[in-house]
Amino acid sequence: MSVKESNLRHRTAASGVIGSKAPANTPTQTSAEASDYKSGTNWVHEGGIEANPYLFALVVVSPFLSLLLAYVTSADIAESGTTWRVTHPLTEMLPTCFADVPSCISSTLSAGASVVPTLEGAKFILTFMTVALALELLPGKIDFGPETATGHVPTYIDNGVAHCLVYSILFFLGSNIGPCGESDNQLLPAVFRKVTETIGVCGVYTPYNFGIMYDLFPGSLSFLNIFGIVFCVFLMFKGLYFPSTDDNGSSGSWVKDYLWGTELYPRVFGLDLKRFINCRFSMTYWQLAGFSFCYRSYVLHDNEMDWGLFFSALSQYLYLVKFFFWEMGYMRSIDIIVDRAGYEIQWGCLVWVPSVYTFHSRFLVQNPSRLSFNTALGIFILSMAGVLLNYAADRERDIFRASNGKCKVWGSQPKYITAKYTIVDRKTGKEVEKTSLLLASGFWGMARHFQYFFELTAAYCWCLLANPFQNGILVMFYAVFLTALLVDRAKRDTDKCRLKYGKYYQEYCELVPYKIVPGVFE
């Protein structure tokens with residue numbers, strides 16, 4: 001390979017798009033094909049789990065860890081009669097474990113293994129997915145993702161907000177606190193029950209308990225675990241033998257193909273699997289879980305409201321409303337345009353998000369925060385500042401891109417770098433020069449990923465609402481994990497942009513030297 005060809009391949013890789021399909025889509029490629037895969041796809045050097053031993057170790061243990069986290073927050077642990085309290089991990093759990101390591105290992109394995117799939121849990125998950133699938137038919141404008149090097153332009157129906165609102169209403173109406181529940185459980189005025197009785201709706205189904213997501217969590221998560229592992233096997237083989245687009249291929253390793261994925265935009269009968277799993281299932285589950293847990297806590301503790309849990313659930317719900325407003329922005333993010341549909345992303349959204357992202361809220365069902373209304377409200381206000389500023393930063397960049405830089409940022413003309421890069425037109429084989437505008441004003445002039453700081457502000461507030469000073473450091477797990485995730489993502493994005501834009505990105509970094517926190521993290 002000539003130097004020119006090598007550089008051309010790297011510029012193609014850096015454009016953030018997948019290269020052409022290998023002639024033989026199997027994990028037994030020649031070294032040349034493997035090299036083409038690495039340079040001709042959305043591969044980011046030194047990015048992803050294959051180059052991060054800590055993330056790789058997490059992937060190995062994640063299925064069992066997710067089950068263990070489900071056990072820790074279940075009613076079973078409260079009835080287990082252990083000599084230590086889960087709210088005291090440093091002063092009770094660890095000393096007990098170190099005092100008898102073999103017994104500790106045995107009991108830990110037994111605890112995780114006790115979380116098994118249940119029929120009711122499986123039915124709930126499949127019903128949850130079926131409703132989300134039906135809501136894919138909601139109307140919306142047609143929008144598009146970035147064009148790949150194979151010429152594929154992903155097409156989406158932008159109906160995320162409608163999905164969010166309709167699903168929330170349906171989940172409420174179908175429960176015991178909706179119009180068809182017992183009169184003493186309902187939150188709506190009696191007139192609504194009379195209307196539903198008149199039209200005969202309540203005779204069609206039996207309302208479920210609004211706390212169902214907590215009640216069925218261990219069994220449903222265990223089912224999701226198995227489903228997710230099998231689903232990722234399906235995705236691997238689909239990408240190799242039945243790809244939806246030319247943005248696919250094998251790395252030459254079964255393990256990497258399974259973990260990283262073999263296809264960028266898999267679809268089945270027109271359904272975009274990445275968006276369905278990442279957004280319509282994962283984010284909706286997270287959004288509704290908080291209030292379901294809050295209701296279960298309220299009933300469990302003799303109708304006493306846990307204000308820490310309530311405000312945490314409310315903040316997370318509103319954060320995810322914001323997410324669905326910004327969903328098309330997410331469809332242009334590194335999760336979608338760079339990361340293939342494999343275990344790392346799809347299992348993570350199917351299992352890790354329900355297990356970890358709801359952990360701090362779920363923990364409070366058995367272990368109330370005991371925060372006062374005023375304290376919880378203060379933390380809630382700070383969390384909402386993070387949510388709103390996170391949205392403002394994303395929106396600022398979206399407007400800048402949509403106007404092609406012809407807009408004002410914070411009342412002034414924006415500073416930006418006009419970055420040029422070259423890709424190969426796979427149809428003609430010719431080089432094509434393109435440009436991108438790199439915003440260096442407003443939020444994006446303070447740090448290259450300042451929006452992550454606001455997202456972390458909200459995350460730490462949600463965990464603080466679980467009162468780690470009383471309930472122990474375990475409730476901080478989500479915030480700590482998200483910190484590691486976003487720092488790694490910022491690094492991967494920097495690597496991708498350096499490859500894509502070269503000297504132009506270097507100029508941009510000189511204008512905006514900090515990655516996430518202004519003045520702290522370069």
Side-chain angles (χ1 to χ4, degrees), residues 18 122-146 148 152-168 170-171 213 220-221 223-239 242-245 247-248 260-289 320-355 357-358:
I18 292 287
K123 286 168 58 178
F124 173 74
I125 291 299
L126 293 176
T127 302
F128 198 96
M129 288 184 172
T130 300
V131 174
L133 185 62
L135 296 185
E136 286 286 310
L137 300 176
L138 290 170
K141 70 175 184 178
I142 303 299
D143 210 334
F144 306 93
T148 71
H152 173 65
V153 178
T155 304
Y156 306 100
I157 298 177
D158 184 10
N159 56 7
V161 175
H163 162 93
C164 166
L165 297 179
V166 172
Y167 209 122
S168 296
L170 291 176
F171 186 72
M213 297 183 76
S220 60
L221 185 86
F223 169 76
L224 271 174
N225 215 335
I226 297 171
F227 176 85
I229 290 171
V230 174
F231 180 67
C232 291
V233 173
F234 162 77
L235 288 175
M236 181 179 72
F237 282 100
K238 180 191 178 303
F242 305 100
S244 301
T245 73
D247 306 306
N248 73 296
W260 175 256
T262 56
E263 189 174 8
L264 191 62
Y265 291 109
R267 296 199 176 204
V268 173
F269 300 117
L271 177 68
D272 187 286
L273 295 179
K274 286 178 79 173
R275 187 175 80 160
F276 182 76
I277 296 299
N278 294 24
C279 305
R280 302 309 169 85
F281 171 76
S282 177
M283 296 297 105
T284 306
Y285 187 100
W286 179 15
Q287 182 176 42
L288 298 176
L320 288 158
V321 170
K322 183 274 303 181
F323 171 85
F324 283 110
F325 268 100
W326 179 73
E327 187 183 51
M328 286 311 305
Y330 175 72
M331 301 312 294
R332 301 181 182 97
S333 73
I334 195 170
D335 283 2
I336 303 300
I337 69 172
V338 171
D339 294 339
R340 291 178 167 209
Y343 179 95
E344 184 180 1
I345 293 295
Q346 306 316 128
W347 182 92
C349 288
L350 281 168
V351 184
W352 195 249
V353 168
S355 176
Y357 287 41
T358 72

Quiz item: Any chance the side chains of K238 and T262 put a donor and an acceptor closer than 3.5 Å?
Solution: no

Quiz item: Just checking, any donor-acceptor pair under 3.5 angstrom between side chains of Y330 and D335?
Solution: yes

Determine whether [X] and [Y] make a side-chain contact, defined as any pair of heavy atoms from C-beta on separated by less than 4.5 Å.
X    : Y    : answer
F171 : V131 : no
C279 : F323 : yes
W352 : Y357 : yes
L135 : R280 : no
L264 : H152 : no
S282 : I277 : no
V268 : F276 : no
V351 : F227 : no

Straight-line distance of [X] [atom1] to [Y] [atom2], nearest 0.5 Å:
X    : Y    : atom1 : atom2 : value
F144 : D158 : CZ    : CG    : 11.5 Å
N159 : F324 : CG    : CZ    : 10.0 Å
Y343 : L235 : OH    : CG    : 13.5 Å
F124 : M129 : CZ    : CE    : 11.0 Å
I157 : I142 : CD1   : CD1   : 5.0 Å
Y156 : M331 : OH    : CE    : 3.5 Å

Do you know which two heavy atoms are closest between [X] and [Y], and how far apart they sit?
X    : Y    : result
Y285 : P354 : CE2-CB, 3.7 Å
M283 : L320 : SD-CD2, 3.6 Å
P146 : P154 : O-CD, 3.3 Å
T358 : A289 : CG2-CB, 4.0 Å
R275 : E136 : NH2-OE1, 3.6 Å
G228 : L350 : CA-CD1, 3.8 Å

Quiz item: Is a side-chain N or O of S244 found less than 3.5 angstrom from the main chain of R267, in a donor-acceptor match?
Solution: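 Such a contact is found between S244 side chain and R267 backbone.
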
Self-check item: N-O pairing of R332 and D143 below 4.0 Å
Solution: yes

Self-check item: Among N278, D272, I345, the one residue meeting side-chain contact (heavy atoms from CB on, under 4.5 Å) with I336
Solution: N278

Quiz item: So Q287 and V321, side chain to side chain contact (heavy atoms under 4.5 Å, CB included) or not? Walk me through it.
Solution: CA-CA 8 Å; Q287 182 176 42; V321 170; 3.4 Å; yes

Exercise. Take W347 and N225 through the test side chain to side chain contact (heavy atoms under 4.5 Å, CB included) and record every step on the way to the result.
Key: CA-CA 8 Å; W347 182 92; N225 215 335; 3.1 Å; yes

Quiz item: With a 6.0 Å cut-off on ring centres, are F128 and Y167 close enough?
Solution: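 Between F128 and Y167, the centre distance is under 6.0 Å.
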
